[in-house]
Amino acid sequence: MAAPRAPYSCDPDRSRGRLFAEPPSRTRSPFRRDCDRVIHSTAFRRLKHKTQVFVFHEGDHYRTRLTHSLEVAQIARALARQLGLDEDLTETLALAHDLGHPPFGHAGERALNRCMADHGGFDHNAQTLRIVTSFEQRYPDFDGLNLSWESLEGIVKHNGPLQEPIPAGIAEFNARFDLELWSYASLEAQVAALADDIAYDAHDIDDGLRAGLFTVNDLKEVPLLAAMIDEIDRHYPGLDDIRRGAELVRELISYLIAAVATEAERRIEQAQPMSPLDVRRQSGPLVAFPADVAAHEANIKAFLWQRMYRHERVMRVMRDAERIVADLFGRYQEDGATLPAGWLDGCAGESDRARRISHFIAGMTDRFALTEHHRLFDSTPDLR
C-alpha cells in the first residue's frame with residue numbers, strides 16, 4: 001500500500017521549472033512528462049544494445065543497460081511508494097541514470113576515460129546530462145529534453161553533492177541553470193541511487209549463475225546469502241538450481257528493499273525534514289543501507305568482483321572491448337573524414353575535437369561500435 005505523500009517529497013505542482021518555459025501538460029504532471037520524455041528518447045532505446053556485464057551477442061537472456069534500467073525503476077518505485085515520495089520523479093531518475101554509458105559498459109568507459117585523459121576525462125554522469133540537455137534533438141523550440149530542475153538535479157547528484165573538480169559538462173550547464181551542486185539531492189534521487197545498487201547485486205547474481213561462472217552453493221561464501229539459501233532449501237527440499245537461484249534473487253531484492261526503507265524511515269524520523277529543501281540541507285543522505293546490511297552488501301559486491309567481474313572469461317571480452325573503443329578513438333583523431341559529415345565542423349581546438357569524438361563513441365551501441373571497427377580495421381575481436 002502506498003504511503004500518503006510526505007511533506008519532504010518533491011511536489012510536481014511546486015517544481016522549480018524548466019530551463020525553457022513550456023505550457024503545462026493538460027494530462028500529466030511535470031515529473032510524469034519528464035519520465036515519458038526519457039522513455040521516448042533515442043538514447044534510452046540505444047540501451048537495448050549496450051553491455052551490462054555480458055556483450056549482447058553472448059546470449060539473449062543476460063541483462064543489458066536497458067533491462068537493468070527497467071529493473072532499477074521497478075525497485076525504485078517500490079521504495080518511493082513505501083516512503084511517500086513522488087513515483088514519477090523517482091522513475092525518471094532510475095530510467096535516465098545510465099543514458100550516458102558508452103558501449104561495452106564499464107570497459108568502454110575506462111577506455112574512453114584514458115583516451116580523454118588530456119582533455120578532462122570522460123564521465124558517464126556528465127554525458128547523461130549532455131544527452132538530456134543538448135544531444136537529443138526532438139523538439140522545435142530547444143535542444144535536449146528540457147527536463148524539470150528536479151530531474152536534472154537528480155541525474156547529476158543522485159550519488160551525493162559534487163566535489164571539485166566538477167566534470168566539464170556539468171560545470172558548463174550549471175552556469176546556465178544552477179543545480180546547487182553543493183547540496184544533497186531529493187529523496188527521490190537518493191532512492192534511485194540505492195535501487196541501482198540493489199538491482200546490480202541481484203541481477204548480476206542471476207546472470208552469473210546463468211553464465212555458469214559460479215553455482216548457488218558457491219554463493220554460500222557470503223554469510224547473508226548462505227542464510228537465505230539454507231532457508232530456501234528448508235522450504236523447498238530438492239529444488240533444482242535454476243529455481244533455487246531465482247528464489248534467492250527474489251529474497252535478496254525483498255530483503256534489501258525492506259532494509260533501505262526501514263533505515264530511511266529511521267533517518268527521516270531523526271532529521272524531521274518538512275520539505276525537499278530540508279532534505280537538501282542535510283549533512284548526509286537520508287536513504288541508505290543500515291550499517292550491518294551495508295556490510296553484507298559489500299560482501300556480495302566483493303564476491304561478484306572476484307567471481308564474475310574479474311573472471312577470465314569476462315576480462316578477456318572486456319580487454320578486447322577496451323581495445324575496440326581505443327582503436328576507434330585513435331582512428332577518428334587521425335582521420336576526421338572517417339566520422340559522419342559535419343561532426344567536426346567548427347571545432348575550437350584539440351580538446352574540442354577530442355570531446356566531440358568521445359561524444360560520438362559514447363553514443364554507440366555495442367553493435368554499432370563493432371560495425372565501425374569492422375569498417376575501419378582489418379581485424380576486429382569477436383568478443384566471445
Side-chain angles (χ1 to χ4, degrees), residues 35 38-80 87 90-110 112 123-125 127-129 131-132 151 154-155 158-159 188-211 213 245-246 248-250 252-254 256-257 260 289 297 300-301 303-305 307-309 311 314 317-318 321 362-369 383:
C35 191
V38 169
I39 290 170
H40 287 275
S41 68
T42 301
F44 186 70
R45 291 194 297 279
R46 285 178 180 160
L47 297 180
K48 176 183 178 183
H49 288 297
K50 291 198 178 190
T51 295
Q52 185 64 27
V53 174
F54 297 100
V55 179
F56 74 94
H57 59 218
E58 291 188 84
D60 292 336
H61 297 157
Y62 297 120
R63 269 70 175 187
T64 64
R65 285 283 158 187
L66 179 62
T67 57
H68 163 68
S69 297
L70 294 173
E71 291 182 32
V72 173
Q74 180 267 317
I75 293 167
R77 287 195 74 129
L79 276 166
E87 291 186 41
T90 307
E91 183 180 9
T92 300
L93 300 174
L95 293 177
H97 82 282
D98 270 354
L99 291 179
H101 265 288
F104 311 122
H106 292 293
E109 183 165 15
R110 286 192 299 270
L112 262 189
D123 179 87
H124 79 265
N125 210 31
Q127 194 71 8
T128 297
L129 184 66
I131 287 168
V132 300
S151 289
I155 285 170
H158 58 273
N159 289 321
E188 287 82 357
Q190 294 181 38
V191 160
L194 265 291
D196 188 25
D197 284 334
I198 294 171
Y200 257 118
D201 293 340
H203 67 48
D204 283 0
I205 287 173
D206 196 25
D207 281 356
L209 289 170
R210 182 179 294 277
L213 302 183
L248 173 63
V249 168
R250 279 192 293 274
L252 179 62
I253 291 172
S254 297
L256 293 176
I257 287 175
V260 170
F289 293 114
E297 200 261 344
I300 293 171
K301 279 187 164 56
F303 176 93
L304 290 170
W305 176 261
R307 300 296 293 270
M308 186 173 187
Y309 311 139
H311 192 284
V314 174
V317 172
M318 291 301 103
M364 293 180 178
T365 61
D366 299 1
R367 184 166 56 185
F368 185 69
L383 301 187

Do you know the tightest heavy-atom contact between [X] and [Y]?
X    : Y    : value
Q127 : A362 : NE2-CB, 3.7 Å
A189 : L93  : CA-CD1, 3.5 Å
T128 : G100 : OG1-N, 2.8 Å
R46  : G363 : CD-O, 3.2 Å
A96  : I155 : CB-CD1, 4.1 Å

Steps toward side chain to side chain contact (heavy atoms under 4.5 Å, CB included) verdict (N125, H158): CA-CA 10 Å; N125 210 31; H158 58 273; 3.4 Å; yes
Residues M308, D207; criterion side chain to side chain contact (heavy atoms under 4.5 Å, CB included); working and verdict: CA-CA 9 Å; M308 186 173 187; D207 281 356; 4.0 Å; yes
Under a 4.5 Å cut-off applied to non-hydrogen side-chain atoms, are [X] and [Y] in contact?
X    : Y    : value
R63  : D206 : yes
I131 : F44  : no
L70  : L95  : yes
L252 : I300 : yes

Side chain [X], main chain [Y], donor-acceptor under 3.5 Å:
X    : Y    : result
R65  : H49  : no
D366 : P103 : no
D98  : S69  : no

Stepwise side chain to side chain contact (heavy atoms under 4.5 Å, CB included) test for V314 and Y309: CA-CA 6 Å; V314 174; Y309 311 139; 5.6 Å; no
Residues two or more places apart in sequence or in another chain: which of them pass salt bridge (Lys or Arg N to Asp or Glu O under 4.0 Å) with [X]?
X    : result
R210 : none
D123 : none
D197 : K301
R307 : D218, E221

Would you give the length of the straight line joining atom [atom1] of [X] to atom [atom2] of [Y], rounded to the nearest 0.5 angstrom?
X    : Y    : atom1 : atom2 : result
M364 : F104 : CE    : CZ    : 9.0 Å
Q74  : I257 : CD    : CD1   : 6.0 Å
D201 : E297 : CG    : CD    : 4.0 Å
R45  : I39  : CZ    : CD1   : 12.0 Å
T92  : H97  : OG1   : NE2   : 13.5 Å
T42  : L47  : OG1   : CG    : 11.0 Å

Set of ring-ring contact (aromatic ring centres under 6.0 Å, His included) partners for F303, sequence neighbours left out: F214
Criterion side chain to side chain contact (heavy atoms under 4.5 Å, CB included) on H101 and H106, from CA distance to verdict: CA-CA 8 Å; H101 265 288; H106 292 293; 3.8 Å; yes
Contacts of type side-chain contact (heavy atoms from CB on, under 4.5 Å), residue A76, not counting sequence neighbours: T90, A94, V191, A195
Parallel, tilted or perpendicular: rings of H203 and Y200 (30°, 60°): tilted
